[in-house]
Amino acid sequence: MLFANHPAYADLTPAQYAEGLAWLRRTGMVTAMGRPVVEVNDGELRDARAASAVPQVQWSRAAEEARRAVGAAGEQALLRLLRKGGVPQVRHVAAESDAYGYDIAAGSSTERAHLEVKSTTNPTRLVIHLTRHEYEVMATDTNWYLVAVLVGRDGNAVNVATVSRVWLRSAAPADRSEAGRWESVRLEVPAYAITPGLTTETWQLVEDWPVLSRPIWAFRPSVSLLA
């Protein structure tokens, strides 16, 4: 009733609010009872009774730092794999600038690969965040590849896979008017869009990953959609 009738909540429909809560539960940001699991600051609320009923959720520095640490670990793990695998030229361009639209440049005398690395510690599903800049670089750079790295507790790669560019283009949002444009998108990658290992159309940089005791991201090794 509050969402349907109060003007302060008229920016979204009740169904959209419900979907937002469902998404927060799916991502583990709130408990089944609707309580937040990130930092909560009750001090700014007007009274103690309201504070106990409607906690104010704030950005969590610890969570942000943890995400950055996983991202950095995934990039370093892939760098080690490429160098160990004998790739002649490996350059960590993300350490120089964010302007490239990818994290690692790998090359040989005849081949080039520009690798955007998305890292996670979750083996059950692959969720990535893609920026507008990364997407636009992908659209014009035929050497661009999105590499998913599953990071283990020791900081090494437990798994490496490649996400289909065809699927990325189909899943990205479209601008609806000149007044607004999307800048970042969260994507949950389906199994059919994930190919084990890291192989371009002509160059195998990281071999197909060994079969593990448990399926990782439920990908299907027989399906390849790199183009």
Side-chain angles (χ1 to χ4, degrees), residues 67-83 85 87 89-107 111-152 156-174 182-209 215-227:
R67 284 191 292 269
R68 289 181 181 274
V70 171
E75 292 177 17
Q76 291 298 324
L78 186 58
L79 286 166
R80 289 193 293 271
L81 284 176
L82 294 171
R83 289 164 177 156
V87 176
Q89 303 168 21
V90 179
R91 180 181 168 194
H92 190 199
V93 298
E96 304 169 15
S97 172
D98 292 331
Y100 289 93
Y102 53 88
D103 299 308
I104 297 173
E111 302 286 351
R112 293 289 183 274
H114 299 152
L115 311 177
E116 173 59 30
V117 184
K118 301 300 182 184
S119 308
T120 181
T121 57
N122 186 346
T124 62
R125 61 177 183 161
L126 179 57
V127 177
I128 64 174
H129 291 81
L130 190 70
T131 68
R132 178 68 173 251
H133 180 54
E134 292 163 355
Y135 177 81
E136 291 180 342
V137 171
M138 176 195 72
T140 59
D141 183 354
T142 58
N143 294 319
W144 189 98
Y145 295 89
L146 194 148
V147 186
V149 178
L150 180 63
V151 179
N156 289 317
V158 176
N159 203 345
V160 174
T162 309
V163 177
S164 163
R165 288 197 302 266
V166 172
W167 181 83
L168 287 170
R169 285 193 290 265
S170 69
W182 70 272
E183 293 294 336
S184 179
V185 61
R186 175 189 180 276
L187 301 170
E188 184 166 350
V189 186
Y192 66 80
I194 306 172
T195 301
L198 173 52
T199 305
T200 70
E201 285 78 1
T202 58
W203 188 21
Q204 188 173 53
L205 287 87
V206 177
E207 296 182 358
D208 290 354
W209 216 251
I216 302 299
W217 304 321
F219 55 56
R220 302 171 186 174
S222 61
V223 178
S224 180
L225 291 171
L226 291 178

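In terms of heavy-atom proximity, G74 sits nearest to S119 at CA-OG, 3.1 Å. Here the closest non-hydrogen pair linking A106 and V87 is CB-CG1, 4.0 Å. Closest approach of H133 and Y100 over heavy atoms only: NE2-C, 3.9 Å. Across every non-hydrogen atom of A77 and N156, the tightest pair is CB-C, 4.1 Å. G101 and V137 make their closest contact through CA-CG2, 3.9 Å (heavy atoms, listed as atom of the first residue, atom of the second, distance). Taking every heavy atom of both residues into account, V90 and R83 meet most closely at O-NH2, 3.8 Å.
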Practice problem: Give the C-alpha distance, both sets of side-chain angles, the deciding distance and a yes or no for side-chain contact (heavy atoms from CB on, under 4.5 Å) between T200 and L205. | Solution: CA-CA 8 Å; T200 70; L205 287 87; 3.8 Å; yes
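A distance of 13.0 Å separates CD of E136 from CG of D141, quoted to the nearest 0.5 Å. Here H114 contributes atom NE2 and D103 contributes atom CG; the two are 12.0 Å apart, rounded to the nearest 0.5 Å. For the atom pair CG of L198 and CG of L115, the computed distance is 5.5 Å after rounding to the nearest 0.5 Å. We find the CG-CD1 distance between L79 and I104 to be 3.5 Å, quoted to the nearest 0.5 Å. A distance of 12.5 Å separates CZ in R132 from CD in E134, rounded to the nearest 0.5 Å. Of the inter-residue distances, the one linking T121 atom OG1 with L150 atom CG reads 7.5 Å to the nearest 0.5 angstrom.
At least one side-chain heavy atom of M138 sits less than 4.5 Å from a side-chain heavy atom of L168. N143 is not listed as a side-chain neighbour of Y102, based on a closest heavy-atom distance of 4.5 Å or more. The shortest side-chain heavy-atom distance between V163 and W217 does not fall under the 4.5 Å cut-off. Counting only heavy atoms from C-beta outward, the side chains of V189 and I128 approach each other to under 4.5 Å.
In this structure A72 satisfies the side-chain contact (heavy atoms from CB on, under 4.5 Å) test with no other residue, sequence neighbours excluded.
Ionic pairing of E116 and R165 is not present here: no N-O contact between side-chain nitrogen and carboxylate oxygen is shorter than 4.0 angstrom.
Enclosure of atom CG in D98 is not indicated, since only 12 or fewer non-hydrogen atoms of other residues, nucleotides or ligands lie within 6.0 angstrom.
Ring geometry for W182 versus Y135: interplanar angle over 60°, hence perpendicular rather than tilted (30 to 60°).
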